[in-house]
**Q** 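Let me give you the structure first, and then I'll get to my questions.
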Number of protein chains: 2
Amino acid sequence: MIEQGDSCDQTLEIRSGIARAVDYSADGYRQILAFFFAGDFIGLPLCSSHRYSVEAVRGLRFVPHASQRLQTGFPVHDSEPEAIAKAIWQEEKAFIARSLILGRVGVQARVAAFLTYLSQRLELADGMLDFSIPQGDMASYLGTSPETVCRTLRRLRDEGVIAVPSRDRLQILNACQLNVLAEGE
Amino acid sequence: MIEQGDSCDQTLEIRSGIARAVDYSADGYRQILAFFFAGDFIGLPLCSSHRYSVEAVRGLRFVPHASQRLQTGFPVHDSEPEAIAKAIWQEEKAFIARSLILGRVGVQARVAAFLTYLSQRLELADGMLDFSIPQGDMASYLGTSPETVCRTLRRLRDEGVIAVPSRDRLQILNACQLNVLAEGE
DNA sequence: CGGTGGATTGACGATCGTCAACAAACGTGG
DNA sequence: CCACGTTTGTTGACGATCGTCAATCCACCG
């Protein structure tokens with residue numbers, strides 16, 4: 001889709017589904033930097049080459065746009081400058097969001113903050129989320145292990161904060177309590 | 001200096017010293033999101049209000065610039081679009097950097113990655129860093145406690161990877177080993 | 001029906017956050 | 001220059017958390 005290091009000549013606009021931004025460090029370390037959802041633009045050409053790879057998580061539909069580089073002038077041809085600023089802001093917000101989530105101490109706080117964040121992006125109704133993100137991806141995003149993610153979700157389920165009716169559905173039953181947990185107990 | 005939530009009508013250009021970007025969440029949680037150094041622009045007006053506060057860490061000198069909002073058109077009056085793209089990219093890079101550091105498992109790996117990152121920004125010579133960042137700030141940035149930061153730095157010192165000649169100086173003796181530790185042992 | 005990949009659970013040991021005490025550095029006023 | 005209070009750094013001890021390894025279960029697909 002987009003490979004880290006590729007030159008910035010196209011931008012993707014997500015129509016539906018979830019995509020992940022992945023960083024492959026020189027040392028082989030792999031991290032999921034962000035998730036992107038319907039309506040997001042990714043691969044904004046602030047630089048000459050992409051800073052991360054973009055991969056489909058599930059059910060991804062997107063449209064590519066040819067992009068002129070911001071370095072050689074802003075593309076005012078088909079979109080207003082405001083639209084570009086908004087898209088850049090959206091992308092940056094995604095990175096700050098992960099930063100804020102990872103900065104919390106305790107995996108439970110991070111998971112709770114992540115679920116709250118997700119609910120703002122892909123809530124269907126009544127706290128029900130389209131939760132088609134593998135736990136391995138969640139673990140990489142949250143800087144922990146899949147086992148710990150699983151255990152933490154289980155504890156939240158046992159405490160009645162969330163419900164997991166099916167593998168790709170997750171319902172937030174007690175958003176208030178989730179916020180308390182996100183502060184670290 | 002800049003308060004989180006203020007309207008974006010000024011941009012700061014750092015001349016010397018270190019500044020920190022701080023997020024105050026609604027729940028009172030405080031996190032240091034990024035450090036900024038000489039040459040950086042902060043407070044870029046991608047949005048109508050600032051997303052974080054900016055505070056001086058030490059020895060900060062800066063010049064304010066009145067900023068037109070990107071939302072209402074790019075300010076091409078005194079700087080090229082490329083310069084703006086570069087500044088935005090620099091800011092975003094700082095957030096991604098923290099994200100990549102925090103995503104690593106183990107405090108030692110995070111500290112090592114952070115020191116490597118710092119050395120790219122404020123290295124003087126021979127791995128010697130102007131290290132006037134309180135350990136409390138480091139701890140908040142790294143998502144850990146001041147005590148653990150202190151202990152980790154001590155271990156690195158004992159292993160001969162770094163040296164701390166004075167409180168505001170830190171020398172990287174073995175950059176290679178530091179990279180190994182950043183990968184998690 | 002077997003195979004495959006993800007999810008789950010248990011056990012164990014290392015790490016790390018917390019509390020507490022103390023030392024060192026710094027700024028202030030005398 | 002000294003006395004003092006305040007901030008920051010340092011160290012020890014302890015308990016909870018979390019990463020790892022391993023085994024097992026489950027959903028999905030051929």
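Letters A, B, ... mirror the listed sequences (proteins, then strands); counts begin at 1.
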**Q** To the nearest angstrom, how far is Leu170(B) atom CG from dG9(D) atom C1'?
**A**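 That distance rounds to 14 Å.
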
**Q** Using OP1 and OP2 only, check whether a side-chain N or O of Thr144(A) sits under 4.0 Å from dG19(D).
**A**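 For Thr144(A), the contact criterion (side-chain N or O under 4.0 Å from OP1 or OP2 of dG19(D)) is met.
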
**Q** For Glu147(B) and dC19(C), what is the distance between atoms CD and C1' respectively, to the nearest whole Å?
**A**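 Rounded to whole Å, this separation is 9 Å.
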
**Q** With respect to the side chain of Cys150(B), which nucleotide from dG17(C), dA7(C), dT11(D) is positioned closest?
**A**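 The nucleotide sitting nearest to the side chain is dT11(D).
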
**Q** Give the rounded distance in Å between these two atoms: CG of Asp168(B) and C1' of dA25(C).
**A**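 In whole Å, dA25(C) C1' and Asp168(B) CG are 12 Å from each other.
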
**Q** Taking for each residue the nucleotide of DNA chain C bearing the nearest heavy atom, is the 5' side occupied by Leu153(A) or by Gly106(A)?
**A**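 So the residue in question is Leu153(A).
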
**Q** Give Arg151(A) one of three labels, base, sugar-phosphate or nothing, depending on what nucleic acid heavy atoms sit under 4.0 Å from its own.
**A**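 Base: the residue Arg151(A), judged by heavy atoms under 4.0 Å, touches a nucleobase.
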
**Q** So, Thr116(A) and Ser119(A): side-chain donor and acceptor under 3.5 Å apart, yes or no?
**A**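 Result is no, nothing qualifies.
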
**Q** Could you tell me the separation between the CZ atom of Arg155(B) and the C1' atom of dT11(D), rounded to a whole number of Å?
**A**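 Value for this atom pair: 14 Å.
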
**Q** How many whole angstroms separate atom CZ of Phe131(B) from atom C1' of dA25(C)?
**A**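 Spelled out: CZ on Phe131(B) to C1' on dA25(C) is 17 Å.
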
**Q** Under a 3.5 Å threshold, yes or no: a donor from one side chain and an acceptor from the other, between Gln10(A) and His65(A)?
**A**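 No, no side-chain donor-acceptor pair sits under 3.5 Å.
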
**Q** Could you report the tightest heavy-atom contact between Leu100(B) and Arg98(A), atom names first, then the distance?
**A**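 Residues Leu100(B) and Arg98(A), closest heavy atoms: N-NH1, 4.3 Å.
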
**Q** Could you check whether Gly184(A) gets within reach of a base, just the sugar-phosphate, or nothing at all, counting any heavy atom under 4.0 Å?
**A**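 Result for Gly184(A) = nothing.
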
**Q** Figure out the CD1/C1' separation between Ile133(A) and dG6(C), and round it to whole Å.
**A**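 These atoms are roughly 15 Å apart.
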
**Q** Please determine whether residues Ile96(B) and Ile32(A) belong to a single hydrophobic cluster, defined as Ile, Leu, Val, Met, Phe, Trp and Tyr linked transitively by side-chain heavy-atom distances below 4.5 Å.
**A**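 Different hydrophobic clusters.
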
**Q** What is the distance, rounded to the nearest whole Å, between atom CG of Leu142(B) and atom C1' of dG17(C)?
**A**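 To the nearest whole Å, that distance equals 15 Å.
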
**Q** Spell out yes or no: do the side chain of Gln108(A) and the base of dC18(D) have one donor N/O and one acceptor N/O closer than 3.5 Å?
**A**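 Looking at the base of dC18(D), it does not pair with any donor or acceptor on the side chain of Gln108(A) (distance under 3.5 Å).
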
**Q** Quick check: on DNA chain D, is the nucleotide nearest Val105(A) upstream (toward 5') of the one nearest Arg167(A), or the reverse? Name the residue that is more 5'.
**A**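 Per heavy-atom nearest nucleotide, the more 5' residue is Val105(A).
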
**Q** May I have the distance from Arg58(B) (atom CZ) to dG27(C) (atom C1'), rounded to whole angstrom?
**A**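 My rounded result for the distance is 13 Å.
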
**Q** Any side-chain N or O of Thr148(B) below 4.0 angstrom from OP1/OP2 of dC16(C)?
**A**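 The answer is no; no side-chain N or O of Thr148(B) sits under 4.0 Å from OP1 or OP2.
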
**Q** Verify the ring-centre separation between Phe62(A) and Phe41(A): is it less than 6.0 angstrom?
**A**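 Distance test on ring centres: not under 6.0 Å, no.
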
**Q** With respect to the phosphate group of dT11(D), does any side-chain polar atom (N or O) of Arg154(B) fall under 4.0 Å of OP1 or OP2?
**A**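 So the side chain of Arg154(B) is within the cut-off, an N or O lying under 4.0 Å from OP1 or OP2 of dT11(D).
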
